[in-house]
Protein chains: 2
Amino acid sequence: MLTTDQIIEAMSEHGLRITDQRKTLAKLFGEHSGYLTAKDVYEYMGQKYSGLSFDTVYRNLRVLNDLGVLEQVVFEEGVKFRGRCSEDHHHHHMICLQCQKTYPITFCPMQLTDAPDDFQVVQHKFEVFGYCRECGQEEGGKPMSGVGAARRDERG
Amino acid sequence: MLTTDQIIEAMSEHGLRITDQRKTLAKLFGEHSGYLTAKDVYEYMGQKYSGLSFDTVYRNLRVLNDLGVLEQVVFEEGVKFRGRCSEDHHHHHMICLQCQKTYPITFCPMQLTDAPDDFQVVQHKFEVFGYCRECGQEEGGKPMSGVGAARRDERG
DNA sequence: GTCAGTGCAAACAATTTGCATTTGT
DNA sequence: ACAAATGCAAATTGTTTGCACTGAC
């Protein structure tokens, strides 16, 4: 995962202006490894900027996504964002349904998949969903403990 | 894939009324094997029913989905529907980016994936995207069989 | 000082809901 | 006949856009 500073630097390198909001956004994705919805981001940022508007959040998420700093993924429940994986080799993810953290899977099923010669493969997606150790099998799990919860251990 | 008649029967068995629209809808999904958006369905149905409204399309898609006759899948470009696979064993799909038709993959990568003991797997998704023989790499590939064009949109 | 970034309102797109009317059974 | 299905309008939710103002460089 990119650090807060790396994210800021990436923006700077591309001639983007480093506003206070963007610093906060960089910090959010630099320190939080799970997937966040635009709404999550809005709520987190909203704590600091009272007059915050949704469209600015969307604009910045888009900018960071285009810049390759964030990855945008579509889930059943909607679109979510997270800092780009720093692992440079191809990999897939296990995603915790509770806290949204992801864990890399180095194994890629594609190499073992027999594609008929006449099907020209362009892309593939392999995702495993479940509960990580911390979220375990607790029943009435709360819906993602907000953005504030500090997370240790970053990987993929 | 379920046939038109099987779809109608399923509706009937569940006490749903077989309206003209629903017959047409059954025919559409009974004869077309690719994924369709609500809009695709609306446009197809609209040819026959001038006063057709979008909400009825949505309602019926939902009904058929709840009934298990259709499967609803979320793609990058949005939600799509297709007749439920009749293959009763677990499988995955190769999906043509052009015509949206799907081809089953019997191989399931899950059995080969090492989930750490502390990650409790609940679900997984494995999808391969590309171009089928018919759609090949032709540029302006032919559109879907009359139901409306599928958008291309790819990256990575 | 300039031009990119922001807030605001308003536009859009996708999907859902309330209600009066129509229609399958 | 009666409840379910439909059409219409309007509400919701998620996301984008036009424009005047503010602030980073």
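We name chains A, B, ... by the order of the sequence lines, and we start the count at 1 in each one. Because the structure is predicted, anything quoted here is derived from the model rather than measured.
Atom CE in A/Met45 sits roughly 14 Å away from atom P in C/dG5 (whole-Å rounding). As a whole-Å value, the separation of A/Arg17 CZ from C/dT2 C1' is 7 Å. If you take CZ of B/Arg62 and P of C/dA14, they are 17 Å apart, rounded to a whole angstrom. Summarising the geometry, the separation between NZ on B/Lys23 and P on C/dT23 is reported as 14 Å, rounded to the nearest angstrom. Between B/Met11 atom CE and C/dG24 atom C1' the separation is 13 Å, expressed in whole Å. For the pair B/Tyr42 OH and D/dT6 C1', the computed distance is 13 Å after rounding to whole Å. When the C1' atom of C/dG5 is taken as reference, atom CG of A/Leu61 falls 15 Å away, rounded to whole Å. D/dT15 atom P lies 12 Å from atom NZ of A/Lys80, rounded to whole Å.
Between B/Ala38 and B/Leu16, the residue anchored closer to the 5' end of DNA chain C is B/Ala38, taking for each the nucleotide with the nearest heavy atom. Judged by closest nucleotide on DNA chain D, B/Gly51 is the one of B/Gly51 and A/Val79 placed further toward the 5' end.
A donor-acceptor pair under 3.5 Å is formed between the side chain of A/Tyr49 and the backbone N or O of A/Asp20. A distance-only check finds no donor-acceptor pair linking the side chain of B/Arg133 to the backbone of A/Asp118 [under 3.5 Å]. With A/Ser12 contributing its side chain and A/Ile8 its backbone, the two residues share no donor-acceptor pair below 3.5 Å. For A/Asn65 (side chain) and A/Arg62 (main-chain N/O), no donor-acceptor pair under 3.5 Å exists by modelled atom type.
Dashed line: the shortest gap from a side-chain N or O of B/Thr19 to OP1 or OP2 of D/dT6 is under 4.0 Å. Listed pair B/Thr56 / D/dG7 meets the phosphate criterion, a side-chain N or O lying under 4.0 Å from OP1 or OP2. Side-chain nitrogen and oxygen atoms of B/Gln21 include at least one within less than 4.0 Å of the OP1 or OP2 phosphate oxygen of D/dG7. Side-chain nitrogen and oxygen atoms of B/Ser53 include at least one within less than 4.0 Å of the OP1 or OP2 phosphate oxygen of D/dG7.
Of all heavy-atom pairs spanning B/Tyr42 and B/Phe54, the tightest one is CD2-CE1, 3.5 Å.
Distance from the side chain of B/Asp55 is smallest to D/dA9 among D/dA9, C/dT25, C/dG7. Picking from D/dT17, C/dT15, D/dT6 the nucleotide with the shortest atom distance to the side chain of B/Tyr58 gives C/dT15.
Between the side chain of B/Arg59 and the base of D/dG7, a donor-acceptor pair under 3.5 Å is found.
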